[in-house]
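Structure first, commentary second.
First the proteins, then the strands, lettered A, B, ... as listed; each starts at 1.
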Protein chains: 2
Amino acid sequence: MNIADYLPTLSIDSVLICFHNEELEVLLLRWKNSDFWSLPGGFIKKNEDVDQAARRILLERTGLKHLFLEQFQLFGKANRRDEKQLDELLKTINFPEDVTSWLEKPFYTLGFLALVRREEINACTDQFTDQCQWFPIQSLPSMIFDHPDIIAEAKKQLRRQVNYLPLGKSLLPDTFTMKSLQLLYEVLLNKKFDRANFHKKIHKLQVLIKTGTLSTGQSNKSPYLYRFDDKRYEQLMEEGIGYV
Amino acid sequence: MNIADYLPTLSIDSVLICFHNEELEVLLLRWKNSDFWSLPGGFIKKNEDVDQAARRILLERTGLKHLFLEQFQLFGKANRRDEKQLDELLKTINFPEDVTSWLEKPFYTLGFLALVRREEINACTDQFTDQCQWFPIQSLPSMIFDHPDIIAEAKKQLRRQVNYLPLGKSLLPDTFTMKSLQLLYEVLLNKKFDRANFHKKIHKLQVLIKTGTLSTGQSNKSPYLYRFDDKRYEQLMEEGIGYV
DNA sequence: TCAAAAGTGTTTCTTTTACACCCATGC
DNA sequence: GCATGGGTGTAAAAGAAACACTTTTGA
């Protein structure tokens with residue numbers, strides 16, 4: 001990392017979210033020689049689009065080229081990074097002098113929300129971190145700086161924009177059952193739906209295509225498998241699904 | 001303006017919106033010696049909260065201390081400012097050398113949405129501009145750089161967040177008639193409401209308090225004047241009004 | 001044949017919509 | 001009194017919610 005290639009002042013942190021074990025999970029990296037975790041992030045190159053920078057950073061971290069990624073808020077408090085904590089984190093690692101002084105500069109950070117499928121991700125660490133793990137969004141470990149706030153705001157964004165985000169398409173596998181779709185929205189909105197009414201509501205949207213059935217091995221009827229009608233799905237994202 | 005006090009890389013531009021003549025209007029400033037208009041904006045001081053910077057800049061421009069102000073998007077294209085245009089704008093004014101070279105640096109800009117009452121504003125120009133005017137949001141003049149995009153995104157934000165923005169409270173006078181409230185939402189959503197049903201909808205929200213009647217001088221019944229119940233209003237902003 | 005879970009249908013209640021009616025005001 | 005626009009009431013239509021019924025599957 002050649003410091004001279006990067007812009008000061010503004011960094012990027014991404015909240016990667018997946019749906020796993022009937023829960024939303026967030027990807028975190030552990031800082032070297034510490035018990036603190038942080039969001040995958042990075043810096044912006046000179047002459048680079050900010051959106052492009054966010055994609056580049058996530059590509060390095062996950063190997064994913066195509067994923068839903070959207071900025072949601074600039075975290076702009078002057079004292080957003082605890083100085084003491086920053087010093088301690090830097091002390092434990094022997095970065096080259098130029099990297100250390102770069103990291104000590106003040107940075108606002110732009111928060112991005114990314115929606116991914118856990119099984120498509122091969123997450124890896126960066127030069128600041130030595131471990132990489134998914135955590136249920138309801139039980140997160142200690143994090144550096146204002147990263148807990150960033151995740152909290154991402155959650156709010158997720159709820160408020162629920163009608164305009166490609167949640168099903170980004171978080172579920174290509175084919176899925178009605179039950180898993182319902183479960184996803186129940187978790188997102190923290191609210192139970194009536195199974196029968198959920199069916200009707202979704203079918204009225206005309207966004208699902210039956211692709212077969214899933215043999216569960218259970219002693220009951222096999223549920224249908226669906227996939228999304230891409231054209232109709234895009235249309236719904238424009239108009240809003242009308243969930244809440 | 002002492003350049004050394006300010007951060008590079010990131011600037012601020014605000015879309016000030018008022019409701020006047022049954023239309024939404026935007027405040028623009030005209031660049032000195034040019035036919036191009038721009039949003040009121042500025043730079044961030046070292047060690048300053050970004051939100052605070054946006055307030056400081058608007059205070060200088062409008063004299064308003066309290067107003068609704070919220071960031072809505074970072075405009076992060078590397079080439080968002082047309083170089084040719086920038087050069088031409090700078091050529092026509094004799095800024096000190098340090099200011100010129102400051103302005104020539106690359107800047108991303110953070111867009112803020114501000115909701116104001118036109119009559120409370122005493123808008124004035126800054127060192128870059130010589131005129132200041134409100135324009136109907138539907139008929140805007142030529143603007144510099146990506147400022148048309150910024151306004152377009154602000155409009156989208158306004159529509160999408162309509163349920164969570166204090167539109168009535170920020171854009172209408174302290175007391176107002178049901179008709180003017182209806183008109184505001186009709187303009188915002190570009191959609192007509194049935195007068196009777198609008199009454200019922202609003203009354204069910206239990207957010208209005210009757211404060212008297214307005215003598216219009218017209219040969220018909222005087223409409224009631226209302227004001228908002230502050231406590232209930234805040235509550236509604238949290239939950240969302242449920243308009244669209 | 002039974003239990004379990006998926007899929008579908010029906011009834012009820014609530015909300016939305018359309019529109020009619022009444023009321024105050026100035027000429 | 002009458003035209004005008006504000007305020008209120010009512011009936012029809014649409015939509016949401018609750019819940020019962022039917023189907024499929026493996027044991």
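- Residue Asn220(A) is the one, among His203(A) and Asn220(A), whose nearest nucleotide of DNA chain C lies closer to the 5' end (criterion: closest heavy atom).
- Taking the centre of each ring, Phe19(A) and Tyr185(A) stay at or above the 6.0 Å mark.
- Nearest to the side-chain atoms of Ser222(A) among the listed nucleotides dT17(C), dG7(D), dT25(D) stands dT25(D).
- Rounded to an integer number of Å, the gap from Lys221(B) NZ to dT25(C) C1' is 10 Å.
- On a pure distance criterion of 3.5 Å, no polar donor-acceptor pair joins the side chain of Lys204(B) and the base of dT16(C).
- Rounded to a whole Å, the CD atom of Gln182(B) is 11 Å from the P atom of dG7(D).
- Side-chain proximity of Asp194(B) to the nucleotides dG7(D), dT25(D), dA18(C) is greatest for dA18(C).
- dT24(D) atom C1' lies 13 Å from atom CD of Gln218(A), rounded to whole Å.
- Between atom OG1 of residue Thr129(B) and atom CH2 of residue Trp31(B) there is a gap of 8.5 Å, rounded to the nearest 0.5 Å.
- Distances shorter than 4.0 Å separate none of the side-chain N or O atoms of Lys200(B) from OP1 or OP2 on dT8(D).
- A donor-acceptor contact under 3.5 Å links the side chain of Arg195(A) to the base of dG7(C).
- Closest to the Ala196(B) side chain, of the nucleotides dG7(D), dA5(C), dG9(D), is dG9(D).
- Considering only side-chain atoms of Pro223(A), the nucleotide from dA18(D), dA18(C), dA6(C) that sits closest is dA6(C).
- In this structure, CZ of Phe198(B) is placed 17 Å from C1' of dG5(D), rounded to the nearest angstrom.
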What's the verdict on side-chain hydrogen bond (donor to acceptor under 3.5 Å, both in side chains) for Ser11(A) and Thr109(A), showing C-alpha distance, side-chain angles and the deciding distance? CA-CA 5 Å; Ser11(A) 63; Thr109(A) 200; 2.9 Å; yes

